[in-house]
Amino acid sequence: MVMAWRFFFLGIPLLNPNPKFPNPCSFSTSFLITKTPKKHKPKRPKPDSPRTRPVTPDSNKIPQFESLLDRDATFRFLTKTKEFLSKQSEQILPLDDAGKLHRELGFPRGRKVARSIARHPLLVTTYRHSDNKIWLGFTDLMDQLLLEEKSIMEAVEEDRVTKICKLLMMSKNKRIPLSKIYHKRLIFGIPEDFRDKIGKYTDYFRLVIEDDGKQVLELVNWDPSLAVSALEKEFLVNEDKVKKAFKFPVKYGKDLGLEENDVKKLNLLNTLPLVSPYSDGWKLDLWSLEAEKYRVGIIHEFLSLTLEKRALIHHIVEFKEEFSLTRQTYEMLKRQPRTFYLAGTEMNWAVFLKDGYDENGNLIEKDPQVLFNEKLYKFAQMQDEELSSEFGEK
């Protein structure tokens, strides 16, 4: 009897109690979100590797220096695109070609270049060429800025020649491959066309072509007035400051029972005198204390010649043969935290010359090129309407 009633009710279609809405049996639920959206998912911690592991522990980090590296990453596309397009004959490039040049233009691999272009509408733009293709080029404002930069380069040309001379004077054989100076020219503010101007300064250096075709820049005359390091100049002004810049502690047994003041005096005797980066320090025993003093002085002077008193380790290692640097450069710099600060990750870290910055992380002395770069970065963050309003207020 129960089974009969069950079949009876199963045979009768269910009535919809609310005829204004569709039958729930035929209602689709495909629109419902059954998975957590990616933006709401908790971010996975980055795997611990030299690519992500900070070179300086969080407890010892100086945020102002770390933020400068973040700024470099933010404007990498702008700086690289500016350099690459400036070399093109008409300073333009087909957008299709630009999309394949992620390394040269500085945008992330696998991303569309248009996304990076859209971030700097006042400086770079796209337009349809007469061939009906989309091209990448500079805006009128960027063209004006490039002319301004060119005039700055002309005004500081003698200073850049001095920098090149000092680099040659520090080098082991007073000669450096031309390609190395060219590839690292931006950190010193050396212009793109400096190779064409070498003939103007034959009293300072000359171009030598070796048997294998390599072009080498060679010092012609030694200038004693240039063979004075930034540390030596500072020593004349503030002797105590220079004495505290480096520390080369003396190893001694605890059974000596030295007091703290005695240890400081002993360490100072071990630290001074320093070895000039313009001396023949490369002849010293490679692992001697004097040789380490020499290499520390070389890096200090190298950084003092840069525009922003800092450089990536790749920039420094590029000259390892010329400056007699060893594989222990990282450990050597970490032993001198009073003077050097290491920022970034273990795979790609930078060295800051702490004396070049104030307590707020600002450069104490700003080269005209640095002031221009800051101006460029300001425009890079603005939109069209912001530019109009700023000039409107003025």
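Between the side chain of Asp358 and the backbone N or O of Asn360, at least one donor-acceptor pair lies under 3.5 Å. Formation of a donor-acceptor pair under 3.5 Å by the Lys309 side chain with backbone atoms of Ser304 is found in this model. With hydrogens and angles ignored, the 3.5 Å screen pairs a side-chain donor or acceptor of Lys354 with a backbone N or O of Pro337. At distances below 3.5 Å, at least one donor-acceptor pair connects side-chain atoms of Thr329 with backbone N or O atoms of Thr326. Side-chain atoms of Gln381 come within 3.5 Å of backbone atoms of Tyr377 as a donor-acceptor pair (strictly under, hydrogens ignored). A donor-acceptor distance shorter than 3.5 angstrom exists from the side chain of Ser288 to the backbone of Asp285, with no hydrogens or angles considered. Here the side chain of Thr56 pairs a donor or acceptor atom with the backbone of Leu342 at under 3.5 angstrom. Looking only at distances, no side-chain donor or acceptor of Thr125 sits under 3.5 Å from a matching main-chain atom of Pro121. Arg338 contributes a side-chain N or O that, together with a main-chain N or O of Lys244, makes up a donor-acceptor pair within less than 3.5 Å.
Grouping the Ile, Leu, Val, Met, Phe, Trp and Tyr side chains by contacts below 4.5 angstrom, directly or via other members, places Val161 apart from Met153. Hydrophobic clustering of Ile, Leu, Val, Met, Phe, Trp and Tyr side chains at less than 4.5 Å, counting indirect connections, unites Phe235 with Phe246. Linking Ile, Leu, Val, Met, Phe, Trp and Tyr whenever their side-chain heavy atoms come within less than 4.5 Å puts Trp282 and Val317 in one cluster. Residues Leu167 and Leu207 share a hydrophobic cluster, clusters being chains of Ile/Leu/Val/Met/Phe/Trp/Tyr side chains in contact below 4.5 Å.
Shown here are the salt bridge (charged side-chain N to carboxylate O under 4.0 Å, His left out) partners of Glu157, two or more places apart in sequence or in another chain: Lys197, Lys200. Among residues two or more places apart in sequence or in another chain, the salt bridge (charged side-chain N to carboxylate O under 4.0 Å, His left out) test is passed with Lys180 by Glu321, Glu322. Annotation: salt bridge (charged side-chain N to carboxylate O under 4.0 Å, His left out) contacts of Arg51 (sequence neighbours excluded): none. Judged as a side-chain hydrogen bond (donor to acceptor under 3.5 Å, both in side chains), and not counting sequence neighbours, Asp355 has no contacts. The side-chain hydrogen bond (donor to acceptor under 3.5 Å, both in side chains) check on Glu239 picks up Lys243, with sequence neighbours excluded. Evaluation of the side-chain hydrogen bond (donor to acceptor under 3.5 Å, both in side chains) rule for Asn348 yields His314 as partners, not counting sequence neighbours. Looking at residues two or more places apart in sequence or on another chain, you find no side-chain hydrogen bond (donor to acceptor under 3.5 Å, both in side chains) involving Thr306. In this structure Glu318 satisfies the salt bridge (charged side-chain N to carboxylate O under 4.0 Å, His left out) test with no other residue, sequence neighbours excluded.
When the shell of 6.0 Å around NZ of Lys214 is examined, it contains 12 or fewer heavy atoms from other residues, nucleotides or ligands.
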Item to check | side chain to side chain contact (heavy atoms under 4.5 Å, CB included) between Leu333 and Val351, worked out | outcome: CA-CA 9 Å; Leu333 293 175; Val351 189; 3.8 Å; yes
Checklist entry - Would Asp223 and Asn221 satisfy side chain to side chain contact (heavy atoms under 4.5 Å, CB included), going step by step from the backbone distance to the final call? => result CA-CA 6 Å; Asp223 187 348; Asn221 290 315; over 6 Å; no
Next on the checklist: Assess the residue pair Arg160 and Arg185 against the criterion (side chain to side chain contact (heavy atoms under 4.5 Å, CB included)); give the C-alpha distance rounded to whole Å, side-chain angles, the decisive distance to 0.1 Å, and a yes or no.
Outcome noted: CA-CA 10 Å; Arg160 303 317 189 234; Arg185 70 189 185 282; over 6 Å; no
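Residue pairs meeting the salt bridge (charged side-chain N to carboxylate O under 4.0 Å, His left out) criterion with at least one partner in residues 325-336, sequence neighbours excluded, are Glu292-Arg335. Among pairs with a residue in residues 191-217, none fulfils ring pair (Phe, Tyr, Trp, His ring centres under 6.0 Å), at least two apart in sequence or across chains.
Counted by atom type alone, Glu346 and Tyr330 present zero donor-acceptor pairs between their side chains at under 3.5 Å. A donor-acceptor contact under 3.5 angstrom links the side chains of Gln369 and Asn373, judged on distance only.
Distance check: Phe319 CZ to Ser171 OG gives 10.0 Å after rounding to the nearest 0.5 Å. Rounding to the nearest 0.5 Å gives a distance of 4.0 Å between CD of Glu149 and CZ of Phe372. The structure places CD of Glu66 at 14.0 Å from CZ of Arg71, a figure rounded to the nearest 0.5 Å. Separating the CD1 atom in Ile134 from the CG atom in Leu136 is a distance of 11.0 Å, to the nearest 0.5 Å. Note that CD of Glu148 and CG of Leu145 are 6.0 Å apart. Values are rounded to the nearest 0.5 Å. Here the straight-line distance linking atom OG of Ser324 with atom CG of Leu284 works out to 9.5 Å at 0.5 Å rounding.
Under a 4.0 Å N-O distance rule, the pair Asp367/Lys163 does not qualify as a salt bridge.
The six-membered or imidazole ring of Phe302 lies near that of Phe188, with a centre-to-centre distance under 6.0 Å.
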Could you pull out every donor-acceptor pair under 3.5 Å between side chains of residues 87-107 and any protein atom, sequence neighbours left out?
unit_1 : atom_1 : unit_2 : atom_2 : d
Lys87  : NZ     : Tyr182 : OH     : 3.4
Gln88  : NE2    : Phe84  : O      : 3.1

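Hydrophobic cluster of Phe352: the remaining members, joined at side-chain heavy-atom separations below 4.5 Å, are Ile62, Phe65, Leu68, Leu69, Leu307, Tyr341, Tyr357, Leu363, Val370, listed by chain and number.
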